[in-house]
Novice: 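Quick one: structure below, then a few questions.
Position 1 is the first residue of the sequence; numbering continues from there.
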Amino acid sequence: MTLPVPTPDELSAPWWEHLAAHRVVVQRCPSCDRRRIQRLPSCPYCGAQGAAGGEDLEVPGTGTVYSFVRVHRPLTPASADEVPYCVATVDLDGGGRVFGRVEPYQDTAIGASVQARFVDHDGWTELRFSLRP
């Protein structure tokens with residue numbers, strides 16, 4: 001069995017393209033300067049429209065664990081070999097908040113410093129994080 005493959009749409013396609021190039025890119029609002037992962041046609045914080053909701057901004061891929069959950073049971077038969085693992089909400093140092101696995105899972109903690117790690121699968125790239133010392 002294989003893991004599910006993401007299906008990019010017109011807003012998410014650039015995110016997946018940047019990950020394939022091993023880059024973490026956020027969208028920056030030109031009006032309020034807030035940054036976000038989800039590309040949108042307007043800013044959800046200040047409502048500014050135009051320029052396709054903002055500009056792309058590459059960030060270093062470092063960040064801090066905001067919250068996390070350890071997964072001990074597979075959600076599907078295809079993920080049985082993946083457990084246990086940890087999924088965290090990471091506040092990126094360059095702005096924005098994203099979900100991703102953190103490794104090693106057993107050492108993940110709120111406030112932990114992490115670094116992006118890119119895992120290439122057949123046809124797509126997954127963003128994961130490694131704990132930094």
Side-chain angles (χ1 to χ4, degrees):
M1 298 189 126
T2 60
L3 294 174
V5 176
T7 306
D9 60 20
E10 65 181 281
L11 292 175
S12 69
W15 168 255
W16 296 109
E17 291 166 9
H18 291 302
L19 287 183
H22 294 189
R23 299 172 59 214
V24 178
V25 175
V26 299
Q27 190 178 41
R28 185 188 77 79
C29 174
S31 294
C32 70
D33 200 41
R34 295 282 300 262
R35 288 123 196 250
R36 61 189 178 275
I37 297 299
Q38 181 63 43
R39 297 178 62 83
L40 298 169
S42 63
C43 179
Y45 304 107
C46 73
Q49 296 183 0
E55 65 179 337
D56 285 345
L57 178 68
E58 186 171 0
V59 296
T62 56
T64 305
V65 173
Y66 174 80
S67 181
F68 70 95
V69 62
R70 289 190 182 105
V71 178
H72 294 278
R73 293 193 302 172
L75 296 176
T76 67
S79 62
D81 293 337
E82 301 288 318
V83 294
Y85 61 89
C86 177
V87 176
T89 306
V90 174
D91 285 334
L92 295 171
D93 291 337
R97 185 175 277 173
V98 65
F99 292 105
R101 286 192 192 187
V102 177
E103 298 164 339
Y105 79 93
Q106 65 273 23
D107 296 332
T108 302
I110 292 173
S113 181
V114 294
Q115 171 70 49
R117 189 169 76 80
F118 302 92
V119 178
D120 295 317
H121 298 278
D122 186 24
W124 66 287
T125 300
E126 177 185 2
L127 176 62
R128 291 188 185 183
F129 293 92
S130 297
L131 293 172
R132 295 189 325 175

Novice: Scan for ring pair (Phe, Tyr, Trp, His ring centres under 6.0 Å) pairs involving residues 55-108, sequence neighbours excluded, and state none if there are none.
Specialist: none
Novice: The criterion is salt bridge (charged side-chain N to carboxylate O under 4.0 Å, His left out); which residues satisfy it with Arg128, sequence neighbours excluded?
Specialist: Glu82, Glu103, Glu126
Novice: Listed by chain and number, what are the side chain to side chain contact (heavy atoms under 4.5 Å, CB included) partners of Asp122, not counting sequence neighbours?
Specialist: none
Novice: Could you tell me which residues satisfy salt bridge (charged side-chain N to carboxylate O under 4.0 Å, His left out) with Glu58, sequence neighbours excluded, listed by chain and number?
Specialist: Arg23
Novice: What pairs of residues pass the salt bridge (charged side-chain N to carboxylate O under 4.0 Å, His left out) test when at least one of them lies in residues 6-17, not counting sequence neighbours?
Specialist: none
Novice: Going by salt bridge (charged side-chain N to carboxylate O under 4.0 Å, His left out), name the residues that satisfy it together with Arg70, two or more places apart in sequence or in a different chain.
Specialist: none
Novice: Partners of Ser113 by side-chain hydrogen bond (donor to acceptor under 3.5 Å, both in side chains), sequence neighbours excluded?
Specialist: Arg132
Novice: Restricting to pairs with a member in residues 84-93, which pass salt bridge (charged side-chain N to carboxylate O under 4.0 Å, His left out), not counting sequence neighbours?
Specialist: Asp91-Arg97
Novice: For residues 13-39, which residue pairs pass the ring pair (Phe, Tyr, Trp, His ring centres under 6.0 Å) check, not counting sequence neighbours?
Specialist: His22-Phe118
Novice: Might you work through the side-chain contact (heavy atoms from CB on, under 4.5 Å) test for Cys32 and Cys43, ending with a clear yes or no?
Specialist: CA-CA 9 Å; Cys32 70; Cys43 179; 3.7 Å; yes
Novice: side-chain hydrogen bond (donor to acceptor under 3.5 Å, both in side chains) with Thr108: which residues, sequence neighbours excluded?
Specialist: none
Novice: Suppose we screen for salt bridge (charged side-chain N to carboxylate O under 4.0 Å, His left out). Which residues come up paired with Asp56, at least two apart in sequence or across chains?
Specialist: Arg39
